[in-house]
Amino acid sequence: RGFITDVKSQLMGFDFRNGPLRRKYDGVKYAERKCEDLLYELSLSQENGDTMPGRQDGSTLDEKEWLQLQEAYSEYDQRRELVIKGCRDAQKAAKQAIFALHRGDTQRSAKLITSANECVQRVWQEHVRDTP
């Protein structure tokens, strides 16, 4: 139980959005609750509650490693937000190019397509290319 509580307390420092990592975090909370229920049932089944092992002082987790994980996740999330913004800009330019083409404005449409292509290239070079 102590290990799960330590993991949960470290994960509380992360800024999870709705996604697979958030569901895993919720799973840790449910695992902690199951451990608490199991320990309670074991304490009831034993004759003397003093024989139950308690939580030991100190954490079994390496806090330095968890800080590195938190920083890496934060950096990943910031990069992700920049990619999303860049893609939105490219999508907006492409959408406006289509509208310009429907209106018969081929020169503006060509400029907007070039702009969308530049946005995509910028996102690729600045954020995606070097990311595994």
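Side chains are part of it too, since the values below use all heavy atoms of this structure and drop only hydrogens, waters and symmetry mates.
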Just distance, no hydrogens or angles: give the donor-acceptor pairs under 3.5 Å from side chains in residues 90-101, sequence neighbours left out.
none

Shared hydrophobic cluster, L82 / V128 (ILVMFWY, side-chain heavy atoms < 4.5 Å): no
Under the ring-ring contact (aromatic ring centres under 6.0 Å, His included) test, which residues partner Y73, sequence neighbours left out? F14, F16
According to salt bridge (Lys or Arg N to Asp or Glu O under 4.0 Å), does anything in residues 65-86 pair up with another residue at least two apart or in another chain? List the pairs. R17-D77, R17-E81, E75-R79, K85-D89
Just by modelled atom types, is the K111 backbone N or O under 3.5 Å from a matching donor or acceptor in the S115 side chain? no
Pair S109, I113 - check side chain to side chain contact (heavy atoms under 4.5 Å, CB included), show working. CA-CA 6 Å; S109 178; I113 288 174; 4.1 Å; yes
At what distance, to the nearest 0.5 angstrom, does CG of L67 lie from OG of S74?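 Rounded to the nearest 0.5 Å, the CG-OG separation comes out at 12.0 Å.
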More than 12 heavy atoms of other groups within 6.0 Å of Q107 CD: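 It does not: Q107 CD has 12 such atoms or fewer within range.
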